Peer 1: 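Got a structure here, written out as structure tokens. Questions coming.
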There are 2 protein chains.
Amino acid sequence: MASRSSARDELLGVALEQFASVGYSGTSLSQIADIAGYSKSTVLYHFAAKETLLEAALSPAIETLTGILNDFARRGATPSSQGEFVAQFVDFLLENRLSVHMFINQGQSLQGIPVIHRANSLIVELAESLSGDMATAVDKVRFGVALGGAAYMLVASETWSRDPLPVDEIRSALVAVVTELLAPIHLRPTAL
Amino acid sequence: MASRSSARDELLGVALEQFASVGYSGTSLSQIADIAGYSKSTVLYHFAAKETLLEAALSPAIETLTGILNDFARRGATPSSQGEFVAQFVDFLLENRLSVHMFINQGQSLQGIPVIHRANSLIVELAESLSGDMATAVDKVRFGVALGGAAYMLVASETWSRDPLPVDEIRSALVAVVTELLAPIHLRPTAL
DNA sequence: AGGATACCTGACCGATCGGTCAGAAACTGC
DNA sequence: GCAGTTTCTGACCGATCGGTCAGGTATCCT
């Protein structure tokens, strides 16, 4: 009763942790197996290939983000909608730190992998729905800095400071800073 | 006269490019050698080990950043000094895209390597000289978002958009956004 | 009890990894 | 022309990579 998680789930968790911290190519299947307490063969029993494992590890975050984007597109461009979106987005970042870290940091080098391509497409849609074709360069940079910066803070806070900030402080601070960054951008949500 | 660069420099350039785009562990010495038009043995003739190659590729950026920080510390905390610092820093980011990309994206996973550790220490000093112990959580997040976001934009702009922004537009936009982000932070440069 | 099924593992495979080494080729100073 | 040095390379090494396969064990269904 104590350990409710199946071997598959344990492996998924360990894999995501390792992929995010030492990189996809820097993580070997035997590392994952060892940490999770199984053999490499067991990893390859549950997941046909290393790439399948990555796919399975990242999919939940992608689906969540898709939902958030759909909600935003359905609601329209009212200011309150923007506020709710930022809050939802920051919560998404906080609850999917590792996946987001992977997208941001390794999305470029893993473009061949389908799940990564889907994630990148999502981010492009996000960017376009927030700062469309008409947006100025400053608006684009503003959006990029907000997204990349927020994602970066999720992990950097632990890397740098002797005493990492508590989660709720990070959340409210992120909401404030991201809201402030996105405020000047003319919002025009589009259908996905 | 056409090709002034020695084999060593060519290898350094290719290595930095590959390390930044597909990751340190995702890059093999033979890849670097092939792209540069040499053999793997030649790489290991000029650089004792893969790690040495990384060290040599990143060192110039580290030294430049050290100089910028020293200048800032020497000048003091006047508003004009802050402005100049941001401009210098953004120029540094733009002129060292690949190195910065490596620090930000892989600094965590390469902590065992001396040159990376030096770079991380530099960033911590930068953070402390900008937003000291007294800074609020919002200030810390503001700084982190500015740094990570700016660094992220350097590469993301090419990954996302169909038509990447021209460099000078990115520069001025980055200066504007970073200045705006750091503005509320009480500056107190310290000796390095 | 007994067969089907799910789960897990060790042995093994070819490929590639970072790295060593002996020596060829090219350039130096004399 | 010739020794000495620098630059470069192919052959080779042990280790590890992702992945296959045959088989062991446990569980479930009847």
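Sequence lines set the chain letters: A, B, ... in the order given, protein chains first and strands last, and positions in each chain run from 1. Just so we're clear, the structure is a prediction, and the values are computed from it rather than from any experiment.
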Peer 1: Let me see the working for A/Glu84 and A/Asp71 under side-chain contact (heavy atoms from CB on, under 4.5 Å), right down to the final yes or no.
Peer 2: CA-CA 10 Å; A/Glu84 188 177 348; A/Asp71 285 354; over 6 Å; no
Peer 1: Rounding to an integer number of Å, can you tell me how far A/Ile32 CD1 sits from C/dT9 P?
Peer 2: 15 Å
Peer 1: Give me the one residue out of B/Leu58, B/Asn120, B/Asn96 that meets side-chain contact (heavy atoms from CB on, under 4.5 Å) with B/Phe103.
Peer 2: B/Leu58
Peer 1: At under 4.0 Å between heavy atoms, what does A/Ser25 touch on the DNA or RNA strands: base, sugar-phosphate, or nothing?
Peer 2: nothing
Peer 1: Tell me which residues in residues 39-50 of chain B lie within less than 4.0 Å of DNA chain D, going by non-hydrogen atoms.
Peer 2: B/Ser39, B/Ser41, B/Thr42, B/Tyr45, B/His46
Peer 1: Using the side-chain heavy atoms of A/Ser30, tell me which of these nucleotides is nearest: C/dC17, D/dG18, D/dC17.
Peer 2: D/dC17
Peer 1: Is A/Ser109 reaching over with its side chain to a backbone N or O of A/Gln106, donor-acceptor style, under 3.5 angstrom?
Peer 2: yes
Peer 1: Looking across every strand, which nucleic acid part, if any, lies under 4.0 Å from B/Thr27 by heavy atom: base, sugar-phosphate, or nothing?
Peer 2: sugar-phosphate
Peer 1: Mind calculating the distance between CG (A/Leu29) and P (D/dG18) to the nearest angstrom?
Peer 2: 4 Å
Peer 1: Determine, for A/Phe19 and A/Lys50, whether the Lys NZ or Arg CZ falls below 6.0 Å from the six-membered ring centre while staying within 45 degrees of the axis.
Peer 2: no
Peer 1: Using whole Å, what does the distance between atom C1' of nucleotide D/dT25 and atom OH of A/Tyr38 come to?
Peer 2: 15 Å
Peer 1: Is it possible for you to say whether B/Ile32 and B/Tyr45 belong to one hydrophobic cluster, with membership spreading through side-chain heavy-atom contacts below 4.5 Å?
Peer 2: no
Peer 1: How close or far is atom P of D/dT6 from atom CZ of B/Arg8, stated in whole angstroms?
Peer 2: 14 Å
Peer 1: Tell me: CD of B/Gln31 to P of C/dG19, nearest whole Å?
Peer 2: 15 Å
Peer 1: Would you check if A/Arg75 and A/Ser80 make a side-chain contact, meaning some heavy-atom pair closer than 4.5 Å?
Peer 2: no
